[in-house]
Amino acid sequence: MLWIDNQPEMKPFARALLTAVVVASALAVVIAQPIIGRSTLKIYFIDVEGGQSTLVVTPAGESLLIDTGFPGDGTFASTPGDPSTARDAQRILAAARDAGVKQIDYLLITHFHADHDGGVAELSQLLPIRTFIDHGEPGPGAAVAVTGTQQMYDKYLIARAAGKHIEPRPGERIPLKGLEATIVAAAGEVLSKPLAGAGQKNPACSGAGVPASEKTENPRSTAILLQFGAFRFLDLGDLTGTPLFALACPSNLIGAADVYLVAHHGGADAADPSLFKALSPLVAILNNGATKGAQKETLATIAAMPSIDGWQLHRTLNEGAVNAPDARVANLDETTSAWIKVSAKNDGSFTVTNGRTGVTLPYRRKR
């Protein structure tokens with residue numbers, strides 16, 4: 001600036017030029033910041049004590065929440081109350097704040113059980129919910145099969161009426177920006193044809209699969225596959241029984257999944273090795289509680305496949321169950337409520353972070 005100050009005739013032009021350069025540089029920094037932030041897909045597996053709530057934040061900054069955990073103090077018999085004291089709604093809010101999320105762009109309710117849709121009434125008072133995705137209504141007999149089903153569905157309908165509603169069929173996509181979000185099962189139906197790159201015969205298939213332990217709503221779960229570049233994440237809700245088996249047998253309809261949220265919290269009816277063989281996940285996550293889900297049969301299936309790292313939201317106390325190593329367990333007891341967080345790049349590489357310890361492990365499939 002000293003040379004400019006000594007040349008009066010150059011001052012107006014030079015200062016204007018300098019100002020333009022400074023403004024352009026500042027704009028470049030502002031524009032570059034979102035681009036840097038948009039290189040990662042983030043997935044929070046929130047501890048709702050054996051229910052489900054999974055928060056997905058896309059590279060474009062959109063939010064997809066899959067299920068909302070329990071109402072109130074966290075049982076099937078609980079009823080919605082003050083959102084400021086609602087256990088699971090507050091845990092979802094904490095994850096949303098960590099992710100910088102101020103609204104839920106899409107809420108996918110996999111099925112109508114109180115450990116999946118119970119938190120909607122309270123959460124909707126804490127965060128705006130723009131679009132609701134579900135399979136319409138509980139199936140025949142569901143209202144009396146599991147405590148709280150009808151009561152929570154009635155509360156859910158009130159919240160759903162305030163936003164948009166999508167009722168997708170298998171094969172349809174959710175319009176998220178920057179990634180593919182494909183429905184692979186809904187209302188008891190599954191994909192009618194394999195996804196691109198899938199369709200191979202599955203030699204691990206045997207018999208007719210494991211019968212569903214709950215036969216009304218679980219087999220009707222809305223299941224979704226997210227693909228961000230080479231990275232793939234599968235969430236099946238509580239899909240069990242014939243529809244679960246049909247995704248893998250006799251042919252693999254989905255293909256590989258890098259991260260698999262194990263169906264039905266890792267219950268015994270999700271233990272059939274045929275799906276694990278078809279998906280060949282690098283990481284299998286169980287959204288279990290201390291005694292809910294993570295049964296010995298499913299943990300044994302995962303342990304028998306050395307290529308899979310099992311992760312659990314809770315150390316299980318179920319008889320005969322062999323837990324994953326503590327380093328891959330988010331909560332060793334019910335005094336903590338840590339999440340598991342996946343951060344994925346579009347080249348297929350990803351990390352998994354234990355929210356209790358902060359330890360992060362890297363993964364990448366050999367291609």
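Below, each value reflects all heavy atoms present in this structure, side chains not excepted, and no hydrogens, waters or symmetry copies. In this text, all values refer to a predicted model and were calculated from it rather than measured experimentally. The first residue in the sequence is number 1, and the count goes up from there.
Considering only heavy atoms from C-beta on, P168 comes within 4.5 Å of I133 through its side chain. Between E49 and R87, some side-chain heavy-atom pair lies under the 4.5 Å cut-off. Put simply, the side chain of V329 does not reach to within 4.5 Å of the side chain of H314, judged on heavy atoms. For the pair L282 and I308, the minimum side-chain heavy-atom distance is 4.5 Å or more. Between I302 and L286 the shortest side-chain heavy-atom distance falls below 4.5 Å. Two residues are said to be in side-chain contact when any heavy atoms from C-beta on lie closer than 4.5 Å; T353 and I340 fail this criterion. The closest side-chain heavy-atom distance from D269 to E214 is not below 4.5 Å. Annotation: side chain of T222 is not in contact with side chain of H111 (no heavy-atom distance under 4.5 Å).
Of the possible polar contacts, one joining the Q312 side chain to the A324 backbone as a donor-acceptor pair under 3.5 Å is found. Judged by distance alone, with hydrogens and angles left aside, the side-chain atoms of E122 form no donor-acceptor pair with the main-chain N or O of P71 at under 3.5 Å. In this structure, the side chain of T360 does not engage the main chain of T351 through any donor-acceptor pair within 3.5 Å. Panel note: side chain D309, backbone V283; no donor-acceptor pair is recorded below 3.5 Å. A distance-only check finds a donor-acceptor pair linking the side chain of R232 to the backbone of A256 [under 3.5 Å]. In this structure, T240 contributes its side chain and A212 its backbone to no donor-acceptor pair below 3.5 Å. The backbone N or O of A223 sits nowhere less than 3.5 Å from a side-chain atom of S221 that would complete a donor-acceptor pair. Under a 3.5 Å cut-off, the side chain of N252 and the backbone N or O of G255 do form a donor-acceptor pair. In terms of modelled atom types and a separation under 3.5 Å, the side chain of T75 and the main chain of A77 share a donor-acceptor contact.
With sequence neighbours excluded, the residues forming a salt bridge (Lys or Arg N to Asp or Glu O under 4.0 Å) with R365 are D258, listed by chain and number. Under the salt bridge (Lys or Arg N to Asp or Glu O under 4.0 Å) criterion, D98 pairs with no residue at all, not counting sequence neighbours. In this structure R169 satisfies the salt bridge (Lys or Arg N to Asp or Glu O under 4.0 Å) test together with E189, sequence neighbours excluded. Looking at residues two or more places apart in sequence or on another chain, you find a side chain to side chain contact (heavy atoms under 4.5 Å, CB included) between S251 and K201. With sequence neighbours left out, the ring-ring contact (aromatic ring centres under 6.0 Å, His included) criterion links Y363 to F350. Partners of D47 by salt bridge (Lys or Arg N to Asp or Glu O under 4.0 Å), not counting sequence neighbours, listed by chain and number: R91.
Across N202 and A248, no two heavy atoms sit closer than the pair ND2-O, 3.1 Å. When all heavy atoms of G69 and S53 are compared, the pair lying nearest together is N-CB, 4.2 Å. Nearest heavy-atom pair across A143 and Q150 is CB-OE1, 3.5 Å. In terms of heavy atoms, P219 sits closest to P243 at O-CG, 3.4 Å. The minimum heavy-atom distance between A186 and P170, with the atom names listed, is N-CG, 3.8 Å. Considering every non-hydrogen atom in both N331 and R356, the closest pair reads N-NE, 4.3 Å.
To the nearest 0.5 Å, atoms CG (L279) and CE (M305) are separated by 10.0 Å. The CD atom of Q295 lies 7.5 Å from the OG atom of S213; values are rounded to the nearest 0.5 Å. Separating the CZ atom in R220 from the NE2 atom in H135 is a distance of 4.5 Å, to the nearest 0.5 Å. With values rounded to the nearest 0.5 angstrom, C249 atom SG is found 8.0 Å from L275 atom CG. In this structure, CG in L236 is found 10.0 Å from OG1 in T110, a value given to the nearest 0.5 Å. In this structure, L239 CG and H264 NE2 are separated by 11.0 Å, a value rounded to the nearest 0.5 Å.
R130 and Q103 form a side-chain donor-acceptor contact under 3.5 Å, judged by distance and modelled atom types alone. Using modelled atom types, one finds a donor on one side chain and an acceptor on the other under 3.5 Å when comparing H116 with D238. Judged by distance alone, the side chains of N288 and T316 never bring a donor and an acceptor atom under 3.5 Å apart. With no hydrogens or angles considered, a side-chain donor-acceptor pair links Q52 and T54 at under 3.5 Å.
Cluster annotation: V322 and W311 are assigned to distinct hydrophobic clusters (Ile/Leu/Val/Met/Phe/Trp/Tyr, side-chain heavy-atom contacts under 4.5 Å, transitive). If you chain together hydrophobic residues whose side chains sit under 4.5 Å apart, V342 and L41 fall into the same group. Hydrophobic cluster membership differs between F228 and L225, with clusters built from Ile, Leu, Val, Met, Phe, Trp and Tyr side chains linked at under 4.5 angstrom. Under the 4.5 Å side-chain heavy-atom criterion for Ile, Leu, Val, Met, Phe, Trp and Tyr, L234 and F231 are members of distinct hydrophobic clusters. No single ILVMFWY cluster, assembled from side-chain heavy atoms under 4.5 Å apart, contains both L247 and F245.
Among pairs with a residue in residues 149-160, those fulfilling salt bridge (charged side-chain N to carboxylate O under 4.0 Å, His left out) read D134-R160, at least two apart in sequence or across chains. Residue pairs meeting the salt bridge (charged side-chain N to carboxylate O under 4.0 Å, His left out) criterion with at least one partner in residues 292-302, sequence neighbours excluded, are D115-K292. Judged as a salt bridge (charged side-chain N to carboxylate O under 4.0 Å, His left out), not a single pair has a partner in residues 58-86 (not counting sequence neighbours).
Other residues sharing a hydrophobic cluster with F76 under the 4.5 Å side-chain heavy-atom criterion for ILVMFWY residues are F70, V146. If you chain together ILVMFWY residues whose side-chain heavy atoms come under 4.5 Å of each other, V57 ends up grouped with Y44, I46, V48, L55, L65, I92, L93, V101, I104, L107, I109, F112, V120, L123, L126, L127, I129, F132, Y153, Y156, L157, W339.
Checking D105, T58, I224, T131 one by one against L64, the side-chain contact (heavy atoms from CB on, under 4.5 Å) holds for a single residue, I224.
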Donor-acceptor pairs under 3.5 Å, side chain of residues 174-181 to any protein atom, not counting sequence neighbours: which ones?
residue: E180; atom: OE1; partner: R173; partner atom: NH2; Å: 3.3

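Using cut-offs of 30° and 60° on the angle between ring planes, the pair F45 and F233 is perpendicular.
In K215, the NZ atom is crowded: over 12 heavy atoms of neighbouring residues, nucleotides or ligands sit closer than 6.0 Å.
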- request: Check the pair L195, T182 against side-chain contact (heavy atoms from CB on, under 4.5 Å), reporting the backbone distance first and the verdict last.
  value: CA-CA 9 Å; L195 297 178; T182 306; 4.0 Å; yes
- request: Would you sort out whether K345 and T40 count as a side-chain contact (heavy atoms from CB on, under 4.5 Å), showing the intermediate values?
  value: CA-CA 5 Å; K345 304 289 187 181; T40 305; 2.9 Å; yes
- prompt: Between D347 and R364, does a side-chain contact (heavy atoms from CB on, under 4.5 Å) hold up when you go through it step by step?
  reply: CA-CA 9 Å; D347 64 0; R364 186 166 190 165; 3.4 Å; yes
